[in-house]
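Excluded from the calculations below are hydrogen atoms, water molecules and symmetry mates; all remaining heavy atoms, backbone and side chain alike, are included. Lettering of chains follows the sequences in order, A, B, ..., and the numbering in each one begins at 1. Everything quoted here is computed from the prediction, not taken from an experiment.
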Amino acid sequence: MSLLELRELNKHFGGLHVTNAVNLSLEPGEIHCLIGPNGAGKSTLFRLILGEHHPGSGDILFAGENITALKSFARIHRGLSVKFQVPGVFKGLSVRQNLEIALQSRHRGAELEAEIGRLLTFLGLESEQAQMAGNLSHGQKQWLEIGMAISLKPRLLLLDEPTAGMSPEETHMTGEMVQRLNVGGMTVLAIEHDMAFVRQVAQRVTVLHLGQVFAQGSIQEIVADERVAAIYLGQAHA
Amino acid sequence: MTGFVSFFRRLEGPQTVGRGRAFWSLFAVVLLVALAYPLFSDGYTVGNTVYFFVWVFIALSLCLIWGYGGSLSFGQTAFFGIGGYAYGVLTLNFGSAYGFTLVALVVAVAIAALFAVLLGYFMFFGRIAGVFLGIVTLAVTLMLERFMAQTAGPEWHIGSARLNGFNGMSAMPPLTIPWPGEPIVLSADIGLYYFVLGLLVVVYLALRILMNSSFGNVIVAIRENPERAEMLGYDIRKYQLITFVIGAALAGISGVLYTVWGQYITPSSMGMTAAALPLIWVAVGGRSDLTSTVVGTLVVLAAFQALTIYGSQYALVFMGVLLVLTVLIAPNGLVLGLMHWLGRLAVRFKQRAG
């Protein structure tokens with residue numbers, strides 16, 4: 001059974017058809033990348049999966065359960081988690097407190113402290129723990145938010161441009177982080193423009209164009225697909 | 001036992017300024033001075049101090065909802081008025097025997113809280129946020145003011161209590177504690193002073209514990225980034241509603257105590273000026289910290305009163321200037337800024353000594 005299944009998903013904003021009959025299914029344990037030119041509807045698709053937007057028609061199934069009508073927080077309880085495109089950390093709170101807020105509903109007391117320490121080490125943010133999250137570098141903010149997202153121990157992790165604004169080294173480290181999580185059994189769906197990252201981690205790639213699934217396959221198949229190159233180039237020359 | 005200890009450990013934490021031996025020693029000294037003060041003062045001055053204390057609860061309500069929760073409520077005075085009027089209606093109907101005034105206090109606060117459940121449900125579950133929340137709450141308090149102002153006719157009464165329109169209700173009994181022999185009447189000087197001071201200390205400490213608990217964590221998380229908070233699995237609407245209701249209860253306490261103190265309540269207590277003033281106290285003190293709010297409110301109120309006595313027409317202008325200055329010089333509040341500065345100074349002093 002697929003972990004996530006989108007069936008004939010549609011979303012209109014006025015006359016704009018942002019999500020057009022999208023069918024997509026994620027197998028448990030895969031790292032799946034979602035690519036496509038700007039305006040292809042990638043982030044909207046995330047918002048539909050998370051329940052921030054509601055589809056005009058179609059269904060969203062998570063682990064066999066229809067979650068289309070559920071509120072966002074209820075979907076998180078089912079095992080979804082997300083890192084947003086713009087880092088969504090709690091800027092005015094310390095790094096440590098950011099993690100505490102993410103972890104406190106599953107752990108208490110000494111166990112909570114231990115878990116925060118473990119996560120700080122995993123993210124390489126031990127020496128920044130007393131810093132205000134707003135003072136972190138862009139890359140560190142991204143990691144902190146990934147840390148908050150994975151602290152929920154999700155079955156499916158949604159990453160919206162996890163490496164945006166990162167140096168090539170940071171991008172590579174993020175890729176390794178994602179692979180380590182995947183080895184631990186986490187399914188990952190990532191929106192990403194950085195093809196180096198996609199090559200590094202993706203087991204399957206879906207190309208979205210004008211709100212529709214344009215192509216799907218392994219990274220080699222997608223790179224070899226001339227139609228995919230055309231829509232990217234077309235976009236660039238427009 | 002460990003649960004007990006960890007409960008009180010929450011008196012300190014990232015959400016409240018002031019920790020360690022120095023802070024709590026100062027707290028104890030201030031409390032002792034406050035306890036001893038009526039012995040060295042006259043009834044009128046003590047009664048006037050009670051008046052200041054009464055307003056601290058509504059300031060704390062704003063600190064909670066706005067400073068910690070990030071939702072600017074412009075209408076805390078609505079709950080103030082509801083509390084005050086409810087106390088009046090209850091006690092004018094049922095009197096003060098058998099400790100009923102204390103029951104009336106609790107019931108009046110509960111009515112204010114219940115109204116907040118209703119209003120808050122539609123606002124937060126309807127996802128009203130930001131400036132719109134301020135507009136809705138302001139509209140509600142002004143509407144209540146208008147409504148109460150037109151209840152002058154004899155047909156406007158609840159039981160034997162006349163609402164009296166713009167003149168408001170008056171002559172409600174003071175708080176009375178039943179006691180074997182003779183009941184203790186808390187008149188608006190020393191008796192009421194100790195009652196309100198005790199309540200203030202309990203509320204202040206309870207709020208410190210609440211804000212440093214996991215509940216408080218979620219509240220500040222919602223202020224910082226509501227979307228992220230929801231995507232960590234928190235039903236933010238519930239947390240916002242609970243905070244709003246606690247805040248309403250605090251404003252209700254202010255309303256009841258105000259009514260008890262002056263033995264009257266009028267519609268203007270829910271009007272525009274009344275609604276705006278608490279915002280200024282809290283902003284000037286430091287809305288995101290309980291201690292700064294308490295200190296700031298008391299200082300600004302005392303200054304305001306002194307100004308009203310010596311130059312009445314300038315007092316409100318001064319309040320406006322104070323707000324503008326705060327926004328320009330210390331947007332997080334003057335008292336909070338001062339406390340942070342003292343904290344840094346203490347650290348530097350320690351480092352030099354070490």
* Show your working on side-chain contact (heavy atoms from CB on, under 4.5 Å) between A:Met148 and B:Met231 and close with a plain yes or no. => CA-CA 10 Å; A:Met148 289 160 76; B:Met231 291 304 168; over 6 Å; no
* Note: B:Glu227-A:Arg47 ion pair, threshold 4.0 Å (strictly below) -> yes
* Charged N-O contact under 4.0 Å between A:Lys71 and B:Glu230 -> no
* Begin from the C-alpha positions of A:Leu152 and B:Leu232 and carry the test side-chain contact (heavy atoms from CB on, under 4.5 Å) through to its verdict. => CA-CA 7 Å; A:Leu152 304 177; B:Leu232 290 174; 4.2 Å; yes
* Can you tell which of A:Glu100, A:Glu52, A:His77 has the highest number of heavy-atom pairs within less than 4.5 Å of chain B? -> A:Glu52
* Structure fact -> From the list A:Gly88, A:Ser105, A:Ala133, the residue making the most non-hydrogen contacts under 4.5 Å with chain B is A:Gly88
Within a radius of less than 6.0 Å around [atom1] of [X], do more than 12 heavy atoms belonging to other residues, nucleotides or ligands occur?
X	atom1	answer
B:Phe132	CZ	no
A:Arg204	CZ	yes
A:Phe13	CZ	yes
B:Trp24	CH2	yes

* **From CA spacing to verdict: side-chain contact (heavy atoms from CB on, under 4.5 Å), A:Asn98, B:Glu224** => CA-CA 10 Å; A:Asn98 268 269; B:Glu224 295 290 319; over 6 Å; no
* **Side chain, backbone, both or neither of B:Arg237 within contact of chain A (heavy atoms, under 4.5 Å)** => side chain
Compare every heavy atom of [Y] with every heavy atom of [X], then report the nearest pair and how far apart it is.
X	Y	answer
B:Ser214	A:Arg108	OG-NH1, 4.0 Å
B:Tyr234	A:Ile101	OH-O, 2.6 Å
B:Asn225	A:Phe90	O-CE2, 3.5 Å

* Go through the atoms of A:Leu50 and report whether side chain, backbone, both or neither lie under 4.5 Å from a heavy atom of chain B. => both
* Heavy-atom distances under 4.5 Å only: say whether A:Arg96 touches chain B with side chain, backbone, both or neither. => neither
